[in-house]
Number of protein chains: 2
Amino acid sequence: MISGKFAITLHILTLLSKFPDEFLSSDFLAGSMNLHPVLIRKEIANLKKHHIVESKEGKNGGTKLLRPAENISLDDIFKLTFERVTLGYSKNDPNPDCPVGKNINKKLDELYIDINDKISKELRGISLTEFSNKF
Amino acid sequence: MISGKFAITLHILTLLSKFPDEFLSSDFLAGSMNLHPVLIRKEIANLKKHHIVESKEGKNGGTKLLRPAENISLDDIFKLTFERVTLGYSKNDPNPDCPVGKNINKKLDELYIDINDKISKELRGISLTEFSNKF
DNA sequence: ACATTTGTAATGTATTTTATTACAGTATGA
DNA sequence: TCATACTGTAATAAAATACATTACAAATGT
């Protein structure tokens, strides 16, 4: 769940990269993107799981980057926040007695894997630093 | 709306390409993908608007391709069914007093436009015939 | 005429996403 | 050492979106 996962996570990381030595609170981060702090903390939990950031509890606590923004690519963030980009699937199981219905999802998968490879290739070339410098 | 638009539309067109001379009913098409015929007709309305198919009302009515499957690319279908692929946006308007918040959506847009160009380039190389022949 | 089909609007249901509440646990510093 | 300011996480509520269904007018073939 969370459809804005990538955008939210990238926004969080962009802010963290602006203050690489400070622990920023979920409240502060939430203020910039106008979302509920709990949602921010959920995304931060995901970032921690992947050792991109560390958090400190308690007063003056917050979150900061664990490694230089230069060493984080947008593809890293993509992979962290997306199972896979798709152009969608028909919601119900298609009819297995129809040659097209029987195989459509497999063929869509193949197509979508190709698309994801292209996206990854594109994003691999952009570092968090490069993105962050646009602001 | 309709998140499975691309998949449903491609499924419809694949079936139509298998019987290029027949008018297939929305009921038949719905049977292959196990969706409600009204939803199929909605997607067909979109295809008609773009002169990809024609429909015939009344008994023995239905829908058929208006041009050879060879002349329809997956990118045509993509453009017909997607405004744009995105990796999401944070739902609420970000804080305009934050330098990052103020510009994040514009920068995400630029990124997503690049991604869409790559996807289009990939899909432009695949004709409906080529896709349909996988079945 | 009658059966079959499209076209479309309106409404209902389900699913997904986001927001909120609640509260336990942790560090800081007055 | 106690009040305060945080994180962490679960549970629940609300909102948004997607899909299903119903309903019925209009068209066409037999």
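Computed from heavy atoms alone, side chains included, the values below leave out hydrogens, waters and symmetry copies.
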Ring-ring centroid check A:Phe19 A:Phe23, cutoff 6.0 Å: no
task: Could you tell me whether B:Glu110 atom CD has more than 12 heavy atoms of other residues or ligands within 6.0 Å of it?
output: yes
field: Base-paired stems in DNA chain D, each at least three Watson-Crick or G-U pairs under 3.5 Å
entry: C:1-30 with D:1-30
query: Rounded to the nearest Å, what distance is computed from the CE atom of residue A:Met33 to the P atom of nucleotide C:dA19?
result: 12 Å
task: Please collect all side chain to side chain donor-acceptor pair (under 3.5 Å) contacts where either partner lies in residues 19-38 of chain A, sequence neighbours excluded, each pair once.
output: A:His11-A:Ser32, A:Ser26-A:Arg41
Rounded interatomic separation in angstrom, taking CG from B:Asn92 and P from D:dA15: 13 Å
Name the pairs: protein N/O against N/O of nucleotides 4-7 of chain D, kept only if under 3.5 Å.
{"residue": "D:dA5", "atom": "N3", "partner": "A:Lys59", "partner atom": "N", "Å": "3.3"}
{"residue": "D:dC6", "atom": "O2", "partner": "A:Gly58", "partner atom": "N", "Å": "3.4"}
{"residue": "D:dT7", "atom": "OP1", "partner": "A:Ser26", "partner atom": "N", "Å": "2.7"}
{"residue": "D:dT7", "atom": "OP2", "partner": "A:Ser26", "partner atom": "OG", "Å": "2.7"}

message: Measure CZ/A:Phe23 against P/D:dG8 and give the value in whole Å, please.
response: 11 Å
message: Are more than 12 heavy atoms, taken from residues, nucleotides or ligands other than B:Lys18, located less than 6.0 Å from that residue's NZ atom?
response: yes
message: I'd like to check the side chain to side chain donor-acceptor pair (under 3.5 Å) partners of A:Thr9; sequence neighbours left out, ordered by chain and number.
response: none
query: Are more than 12 heavy atoms from other residues, nucleotides or ligands located less than 6.0 Å from atom NZ of A:Lys64?
result: yes
- request: Take atom CD of B:Glu54 and atom P of D:dT28, then tell me their distance rounded to the nearest Å.
  value: 12 Å
task: Take the protein atom CG of B:Leu39 and the nucleotide atom P of C:dT6, then report the distance between them rounded to whole Å.
output: 14 Å
message: Please identify which of these residues, B:Ile115, B:Val85, B:Leu123, meets the side-chain contact (heavy atoms from CB on, under 4.5 Å) condition with A:Ile115.
response: B:Leu123
What nitrogen or oxygen pairs link the protein and nucleotides 10-15 of chain C at under 3.5 Å?
none

message: What is the distance, to the nearest angstrom, from the CG atom on B:Asn34 to the P atom on D:dC19?
response: 13 Å
- request: Starting from C1' on C:dT17, measure out to CZ on A:Phe6 and report it in whole angstrom.
  value: 19 Å
task: May I ask you to test the B:Ile72-B:Ser17 pair for a side-chain heavy-atom distance under 4.5 Å?
output: no
- prompt: D:dT22, C:dT8, C:dT20: which one has an atom nearest the side-chain heavy atoms of A:His36?
  reply: C:dT20
Table please: side-chain donor-acceptor pairs of residues 46-55 of chain A below 3.5 Å, with sequence neighbours left out.
{"residue": "A:Asn46", "atom": "ND2", "partner": "A:Leu80", "partner atom": "O", "Å": "3.0"}
{"residue": "A:Ser55", "atom": "OG", "partner": "A:Thr63", "partner atom": "OG1", "Å": "3.0"}

field: Side-chain touch A:Leu111/B:Phe6, heavy atoms, less than 4.5 angstrom
entry: yes
task: Search all heavy atoms of B:Ser90 against all heavy atoms of A:Ala7 and return the closest pair with its distance.
output: N-CB, 3.8 Å
field: Length of the OH-P vector between B:Tyr89 and C:dT17, whole Å
entry: 17 Å
